[in-house]
Number of protein chains: 2
Amino acid sequence: MRRMTARPANAHQARLLKLLRDGGPNSRAQLGDQIDLSRSKLAVEVDRLLETGLVVADGLAASRGGRRSHNVRLNPGLRFLGVDIGATSVDVAVTNAELEILGHLNQPMDVREGPVAVFEQVLSMAAKLRASGLAEGYDGAGIGVPGPVRFPEGVPVAPPIMPGWDGFPVREALSQELGCPVMVDNDVNLMAMGEQHAGVARSVGDFLCVKIGTGIGCGIVAGGDVHRGVTGSAGDIGHIQAVPDGRPCACGNRGCLEAHFSGAALARDAVEAAQQGRSEELASRLAANGTLTAVDVAAAAAAGDATALDLIREGGNRVGQVIAGLVSFFNPGLVVIGGGVTGLGHTLLAAIRTQVYRQSLPLATGNLPIVLGELGPTAGVIGAARLISDHLFSPA
Amino acid sequence: MRRMTARPANAHQARLLKLLRDGGPNSRAQLGDQIDLSRSKLAVEVDRLLETGLVVADGLAASRGGRRSHNVRLNPGLRFLGVDIGATSVDVAVTNAELEILGHLNQPMDVREGPVAVFEQVLSMAAKLRASGLAEGYDGAGIGVPGPVRFPEGVPVAPPIMPGWDGFPVREALSQELGCPVMVDNDVNLMAMGEQHAGVARSVGDFLCVKIGTGIGCGIVAGGDVHRGVTGSAGDIGHIQAVPDGRPCACGNRGCLEAHFSGAALARDAVEAAQQGRSEELASRLAANGTLTAVDVAAAAAAGDATALDLIREGGNRVGQVIAGLVSFFNPGLVVIGGGVTGLGHTLLAAIRTQVYRQSLPLATGNLPIVLGELGPTAGVIGAARLISDHLFSPA
DNA sequence: CAACTTTCTCCACTCACAGGACAAAGACCC
DNA sequence: GGGTCTTTGTCCTGTGAGTGGAGAAAGTTG
């Protein structure tokens, strides 16, 4: 099927598209209140957008004391694909142009199987969503990968946990397969964009979004824009030294944050505690499943297991210490904690807060909320859809 | 005397003024090559700038094979005042509109004497420069203070090392005294802007500028702009924990970077080493002066004193470790080291480089220069002049 | 002195945009 | 139901921004 290919012709149109994306159906009058344009000029640009098909008429709104307004909205047939490739699973979702999730699939998978296998999986999930009637095709796709990305080209570079992906032309390949424009970014940046668009970070211009999953990373938003750094590796905080001469890390150094606290490290610690007989709760879970994950630790903690609580607290202290440094350095207006370990909930958050509030200067922490992400596993796919929509809703 | 009060009327004029500031005298044709405007429009805007007096004719240039061009330049009578208030001294300089330093004064002074005393000093230095014929008056002034600043208002907030300054309306007061527009910023940010304008960071969009003086701070430039954080305290890295359970710090915590390495900490360590008989070189200098500073340590190191070298190396390791974390987080394209301790030179730099290259991931450090600032004590005043010129050369 | 280059100015035309007049459509009051 | 007021949307005209071409001015080169 033929998809929309139009792009806004100028900055005004781009602005209007974003207003309609973020605010839903709107009348010309309402749009006029939010944009610095005369009514006549605004009408011209809206008419041009209607001609392109990106925007469609949406009936009459209720009267506000005078003539009823003719609403317009983004074409309800537009479809974006949001893909979030994690270390151990893939999320794929379809959204409309307003970035509302229409369908969402999750599939366990190991990124180390390489781009070819993962792509096959992603494409089959995309096809499944299409087959279920949610989309006749895709107008654009955003995709997040768990490693640094050369952003302009959409190519992963030197990703530690996904070796086979180095230099693989993700953007080009996926664009070819799907037949639509594609943008690629680091998964952590997409989570930040997701929380910025629809989560706790709405209307915050400078914030950090710490994602603790298999690994650990940090999305940086400065002045409303994601900061990616010169080689796309900004936010790679997993290998900051958290413990001098601490545990050996896969990267070759010792004491890296990731070696001391992350989904993987927590699971390993839990197994060790169980085997050493420090926790009956964990031991019984280990016996039952043959292995332990962060979810088990969360459950044990919820059941009041002291060892599990200690593990979480200690990890939170480590992360909190590093975040404290980042807060001093960056002076954000908000810190969001997300990723797989959010199930650890308040215990983790409390430990992080304690460290940050204790170690950073009052001026930086005085009015600094530290909160859990609001969107959970959908943050990444919403961020991915946001990424491609930002791209498509900009002048060509 | 009446000073220039005109401001650019639009973005084009602002752009032209900045091109003339950064590129010196230029013909209309040369300007046309650097700006996206037709020759006719460009001529109109240049003529308008000539009318305002901000720009003046500057004779004929040599022929390039055809008609000679009429050069224009920024009004050579324009004068900016750059003020850099450090913890222990004040720098004041006059520049022309091209930010070339015409005169520079330095005066020892303790910032803790409070804003009134410091202002008196600054104003007398500004008057001295004026009296020497370098300026008939000032068209604008930039001023840096060693602490966080609420940037839009130009007011220091909760500055740890200058308690009397909290909430003092620096911008308003200085503007009143000098009779010209004033902008205020953190001294470290100004150093970064100075190196960006005329130093090692020319043409680098993302870099860090670490200033090690009495205290320690870091200027952050992201996407060409200074990142100040939500409360103006971004870059305040002096109280990041460098050593777990380390030395007590004035801030109440332990192990802060600043407690382990800074001009003040180094001097204290040197005195201790001298008193414990660990260094004859330092001991003799202590006996001669009654006290030691970073300069003494530098001299001792240059003379081959092993203890002095050790102190520098150890300090460099501490700073390097913290910088390594910041590099992982921010992924800059350049790290500049500046401030009072640059006299420690290569020994310090080598220690920092070792730590950063060892602890940060190759992708972030692969092509990362770590260099000393190029401008020394003039970085701050040039940055200050740049700050006010950026302000005045923007549409009102 | 002729031919070619470069620079700058002038002029006509196009387009972006604002703002007012006005029409359409409804609410509200009597 | 009819007047009056409000809100929304459209049309039209005037202004100013900006482009591009013609050509004058001022050089160089041979």
Side-chain angles (χ1 to χ4, degrees), chain A residues 6-20 23-52 54-74 393-396, chain B residues 6-20 23-52 54-74 393-396:
Chain A
R7 292 277 288 276
N10 57 43
H12 295 316
Q13 292 185 14
R15 185 79 211 289
L16 288 168
L17 290 174
K18 287 177 186 171
L19 286 173
L20 289 171
N26 252 300
S27 67
R28 287 168 179 76
Q30 282 175 296
L31 290 171
D33 294 342
Q34 303 172 68
I35 195 173
D36 191 25
L37 273 183
S38 66
R39 279 200 312 258
S40 30
K41 177 62 178 165
L42 181 104
V44 169
E45 297 299 350
V46 170
D47 286 345
R48 288 186 189 157
L49 286 173
L50 286 166
E51 277 173 35
T52 66
L54 282 170
V55 162
V56 300
D58 190 42
L60 291 166
S63 166
R64 298 197 304 173
R67 176 177 174 174
R68 294 168 67 192
S69 57
H70 294 247
N71 273 357
V72 292
R73 59 175 300 185
L74 291 175
F393 291 171
S394 298
Chain B
R7 291 278 287 274
N10 58 43
H12 296 315
Q13 293 184 14
R15 185 80 212 288
L16 288 170
L17 290 173
K18 286 176 186 171
L19 286 174
L20 289 171
N26 252 301
S27 68
R28 288 168 178 76
Q30 283 175 296
L31 289 170
D33 293 341
Q34 303 172 70
I35 196 173
D36 192 25
L37 273 182
S38 66
R39 280 200 308 268
S40 23
K41 179 61 180 167
L42 181 103
V44 170
E45 296 298 351
V46 171
D47 286 345
R48 287 183 190 161
L49 286 174
L50 285 167
E51 277 172 35
T52 67
L54 282 170
V55 162
V56 299
D58 190 43
L60 291 167
S63 167
R64 297 197 305 174
R67 176 175 173 175
R68 295 168 65 193
S69 57
H70 294 248
N71 273 357
V72 293
R73 60 175 298 184
L74 292 173
F393 291 170
S394 298

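Naming: A, B, ... by sequence-line order, numbering from 1 per chain.
- Of all heavy-atom pairs between L50(B) and A57(B), the closest is CD2-N, 3.7 Å.
- The distance from atom CD1 of I35(A) to atom C1' of dA18(C) is 15 Å, rounded to the nearest whole Å.
- For the pair N10(A) (side chain) and P8(A) (backbone), a donor-acceptor distance under 3.5 Å is absent.
- Of all nucleotides listed (dA17(D), dG20(D), dA16(C)), dA16(C) comes nearest to the side chain of R48(A).
- Residue contacts for K41(A): at a heavy-atom cut-off of 4.0 Å it reaches the sugar-phosphate backbone alone, with no base atom in range.
- For dT19(D), the OP1/OP2 oxygens have a side-chain nitrogen or oxygen of S38(B) closer than 4.0 Å.
- Between L31(A) atom CG and dT10(D) atom P the separation is 13 Å, expressed in whole Å.
- For the pair N26(B) CG and dT7(C) P, the computed distance is 12 Å after rounding to whole Å.
- When the P atom of dG18(D) is taken as reference, atom CG of L42(B) falls 11 Å away, rounded to whole Å.
- Note: CG (L60(B)) to P (dT6(C)) measures 18 Å, nearest angstrom.
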Taking distance alone, no hydrogens or angles, what donor-acceptor pairs closer than 3.5 Å link side-chain atoms of residues 28-35 of chain A to residues at least two apart or in another chain?
unit_1: Q30(A); atom_1: OE1; unit_2: S27(A); atom_2: N; d: 3.1
unit_1: Q30(A); atom_1: OE1; unit_2: S27(A); atom_2: OG; d: 3.4
unit_1: Q34(A); atom_1: NE2; unit_2: Q30(A); atom_2: O; d: 3.3

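- If S63(A) and D47(B) are placed on DNA chain C by their nearest nucleotide, the residue sitting closer to the 5' end is D47(B).
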With the criterion being N/O to N/O and under 3.5 Å, what pairs connect the protein with nucleotides 7-9 of chain D, and how long is each?
unit_1: dT7(D); atom_1: O2; unit_2: R67(A); atom_2: N; d: 2.9
unit_1: dT8(D); atom_1: OP1; unit_2: R64(A); atom_2: NE; d: 3.2
unit_1: dT8(D); atom_1: OP1; unit_2: R64(A); atom_2: NH2; d: 2.8
unit_1: dT8(D); atom_1: O2; unit_2: R67(A); atom_2: NH1; d: 2.9
unit_1: dG9(D); atom_1: OP1; unit_2: H70(A); atom_2: N; d: 2.7
unit_1: dG9(D); atom_1: OP1; unit_2: H70(A); atom_2: O; d: 3.4
unit_1: dG9(D); atom_1: OP2; unit_2: A29(A); atom_2: N; d: 3.0
unit_1: dG9(D); atom_1: O6; unit_2: R39(A); atom_2: NH2; d: 3.4

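- R48(B) has no carboxylate O lying under 4.0 Å from a charged side-chain N of E51(B), or vice versa, which leaves the two without a salt bridge.
- Distances from the side chain of E45(B) to the nucleotides dG18(D), dG21(D), dG19(C) place dG18(D) closest.
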Checklist line | Step-by-step side-chain contact (heavy atoms from CB on, under 4.5 Å) determination, N26(A) to R73(A) | finding: CA-CA 6 Å; N26(A) 252 300; R73(A) 59 175 300 185; over 6 Å; no

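- When all heavy atoms are compared, the tightest approach of R68(A) to A62(A) is CG-C, 4.2 Å.
- Closest of all the heavy-atom pairs between A396(B) and R7(B) is CA-NH2, 3.9 Å.
- Rounded to an integer number of Å, the gap from CG of D36(A) to P of dC17(C) is 11 Å.
- Across every non-hydrogen atom of V55(A) and L17(A), the tightest pair is CG2-CD2, 3.8 Å.
- Contact record, V72(A) with L20(A): O-CD2, 3.7 Å, taken as the closest heavy-atom pair.
- For DNA chain D, no neighbouring residue in residues 7-20 of chain A is found when judged by any heavy atom under 4.0 Å.
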